[in-house]
Amino acid sequence: MISQFFVLSLRGDNIVFRDYRGDVPKGSAEIFFRKVKFWKEDEEEEAPPVFNVDGVNYFHVKVAGLLFVATTRVNSSPSLVLELLQRIARVIKDYLGVLNEDSLRKNFVLVYELLDEVIDFGYAQTTSTELLKSYVFNEPIVVDAARLPPLGPAGMFMQGTKRMPATAVTKSVVANEPGGRRREEIFVDIIEKISVTFSSSGYILTSEIDGTIQMKSYLSGNPEIRLALNEELNIGRGGRSIYDYSSSAGAGAVILDDCNFHESVHLDSFDVDRTLSLVPPDGEFPVMNYRMTQEFKPPFIITAVIEEAGAFKAEVILKVRADFSSNITANTVAIQMPLPKYTTRVSFEQEPGAVGQTTDFKEANKKLEWNLRKA
């Protein structure tokens, strides 16, 4: 149960606000933003997703440069409320096609209509894009696609000749093509988050991949889709599947530690030929989430050379090498390095001719950041 829901820009502008129960002060959005903007508690630089101020619990997630926030005075489950906020953001994106400040402002009538159907008196009713189609009747106002960023998270490593336009999946699920015809298209993205810890000599200490297979369907008639995965896919560290799949792991095998599937996925033939069958619902949804700690070749190799330059001074030479083909580019690369707790000042020197690179010292958590716009 929640009392309020609102969406703020990173400047603190209140874009959407809905008060469901009236038991939280109207100025909660300003209180929340001031607390998050100047967070200094627990020696953390950023506010946690859940915190309490004067008896009011604040829950928030950041999606597409926007802050989705819920408030309540009762002891609600944090995971439930955070999941609700994520699902509200996903439903709004499905209906608007594009989720940003401009699209919310232009479609605020549609957004409020969605909120009235999703939440009733603070209780969640449904977050299914497909079910909401029966109750939501406003048409979205299309946002100019030229104003969108050129690549999303799935386009970090893309070959220019094979890249789809940035607006390929930025259409509303209720909007048709000119002339009233439906878009008979389906998009599948594999998005992976790679976490690798290197030693100072460049050796890999830990490595992990958290991945998801995202699907967005514009197919009419809800046809059944069959998605074939690697036949040498194994689930479980011993090469033994949780579905009693007993083939041994070969040289080309992919071993997943664990995975889970969307509720629409049928696993009848998964044990036999690693095929998923599903009837895709409207909107964007994760077909499969997985985690893998099997050894793999990371896209970057990082080495650090540390030399003492005095009793209270050290010099660190940080080198990053891209270990992939030169016709592939990586966008928005961020490298972090923890520093000793007693570090007070850091100065940076970049190689001559470095373009699109920024450095910063996060004093609150004693960490340096090196950001590369393109690598």
Side-chain angles (χ1 to χ4, degrees), residues 2-76 78-90 92-93 96 98-106 108 111-112 115 119 122 147-149 152-153 332 334-339 341 343-346 348 357-371 373:
I2 64 174
S3 298
Q4 296 172 333
F5 169 82
F6 49 89
V7 181
L8 303 180
S9 70
L10 295 182
R11 302 184 307 274
D13 298 332
N14 201 336
I15 305 171
V16 176
F17 185 91
R18 178 67 84 199
D19 193 336
Y20 292 102
R21 304 183 67 85
D23 58 347
V24 174
K26 297 292 185 182
S28 57
E30 184 178 351
I31 296 172
F32 164 80
F33 184 74
R34 189 183 299 115
K35 191 72 174 177
V36 169
K37 185 74 172 178
F38 304 103
W39 184 268
K40 295 296 181 183
E41 297 181 17
D42 302 326
E43 298 182 355
E44 294 291 335
E45 190 175 56
E46 294 185 354
V50 182
F51 58 87
N52 183 284
V53 179
D54 297 331
V56 177
N57 298 315
Y58 291 86
F59 307 82
H60 77 283
V61 295
K62 186 185 293 185
V63 183
L66 299 168
L67 294 168
F68 286 73
V69 190
T71 65
T72 181
R73 287 190 176 277
V74 301
N75 188 19
S76 298
S79 58
L80 174 65
V81 179
L82 294 175
E83 176 67 17
L84 174 63
L85 293 176
Q86 292 280 6
R87 293 200 178 195
I88 291 175
R90 189 175 64 206
I92 293 175
K93 182 179 184 297
L96 305 188
V98 179
L99 182 59
N100 58 24
E101 183 177 349
D102 191 28
S103 64
L104 284 181
R105 292 189 184 278
K106 288 184 177 180
F108 71 93
V111 172
Y112 277 111
L115 289 177
I119 302 175
R147 304 176 61 180
L148 299 177
T332 317
I335 301 163
Q336 298 180 345
M337 178 177 176
L339 300 176
K341 295 297 183 181
T343 305
T344 57
R345 186 166 56 89
V346 177
F348 299 91
Q357 301 183 17
T358 60
T359 53
D360 191 17
F361 171 51
K362 302 294 185 180
E363 188 174 1
N365 50 12
K366 305 300 182 183
K367 184 190 305 179
L368 67 83
E369 288 188 358
W370 181 15
N371 297 292
R373 188 173 61 189

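Please read these numbers as outputs of a predicted model, since none were measured by experiment.
Rounding to the nearest 0.5 angstrom, the gap separating the CG atom in Leu84 from the CZ atom in Phe59 is 10.5 Å. Of the inter-residue distances, the one linking Phe348 atom CZ with Thr358 atom OG1 reads 9.5 Å to the nearest 0.5 angstrom. Interatomic distance, NZ of Lys37 versus CZ of Arg34, reported as 13.0 Å (0.5 Å rounding). Atom NZ of Lys362 is separated from atom CG of Leu339 by 13.0 Å, given to the nearest 0.5 angstrom. Here the OG1-CD distance, from Thr71 to Gln4, works out to 3.5 Å after rounding to the nearest 0.5 Å.
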**Study point:** side chain to side chain contact (heavy atoms under 4.5 Å, CB included) between Arg11 and Phe33, intermediate numbers included
**Key:** CA-CA 9 Å; Arg11 302 184 307 274; Phe33 184 74; 5.6 Å; no

Exercise for review: Please lay out, stage by stage, how Thr343 and Phe361 fare under the test side chain to side chain contact (heavy atoms under 4.5 Å, CB included).
Suggested key: CA-CA 10 Å; Thr343 305; Phe361 171 51; 4.0 Å; yes

Exercise for review: Start with the C-alpha distance between Asn14 and Leu8, add both sets of side-chain angles, then the distance that settles side chain to side chain contact (heavy atoms under 4.5 Å, CB included), and finish with yes or no.
Suggested key: CA-CA 5 Å; Asn14 201 336; Leu8 303 180; 3.9 Å; yes

Practice item. Test side chain to side chain contact (heavy atoms under 4.5 Å, CB included) on Asn371 and Asp360 and set out the steps. Key: CA-CA 9 Å; Asn371 297 292; Asp360 191 17; 5.7 Å; no

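Residues Asp13 and Arg105 are in side-chain contact: their nearest non-hydrogen atoms beyond the backbone lie under 4.5 Å apart. Using a 4.5 Å heavy-atom cutoff, the side chains of Thr359 and Leu368 are not in contact. Within the 4.5 Å cutoff, side-chain heavy atoms of Ile88 are placed close to those of Ile119.
Other residues, nucleotides and ligands contribute at most 12 non-hydrogen atoms within 6.0 Å of the CD atom of Glu30. Taking a 6.0 Å sphere around CZ of Phe108, one finds it holds 12 or fewer heavy atoms contributed by other residues, nucleotides or ligands. When the shell of 6.0 Å around CG of Asn52 is examined, it contains more than 12 heavy atoms from other residues, nucleotides or ligands. The environment of NZ in Lys62 is sparse: at most 12 heavy-atom neighbours from other residues, nucleotides or ligands sit within 6.0 Å.
Remark: the backbone N or O of Ala29 is not paired with any side-chain donor or acceptor of Tyr58 at under 3.5 angstrom. In this structure, Glu101 contributes its side chain and Ser9 its backbone to no donor-acceptor pair below 3.5 Å. Arg73 places a side-chain N or O within donor-acceptor distance of the main-chain N or O of Asp23, the cut-off being under 3.5 Å.
Considering every non-hydrogen atom in both Val24 and Asp19, the closest pair reads O-OD2, 4.1 Å.
Ring geometry, Phe5 versus Phe68: the interplanar angle falls from 30° to 60°, so the pair is classed tilted. Between Phe6 and Phe32, the ring-plane angle classifies as perpendicular under the 30° and 60° cut-offs.
Each of Asn57, Val56, Thr72 was evaluated against Ser3; a single residue qualifies, Thr72, per the side chain to side chain contact (heavy atoms under 4.5 Å, CB included) test.
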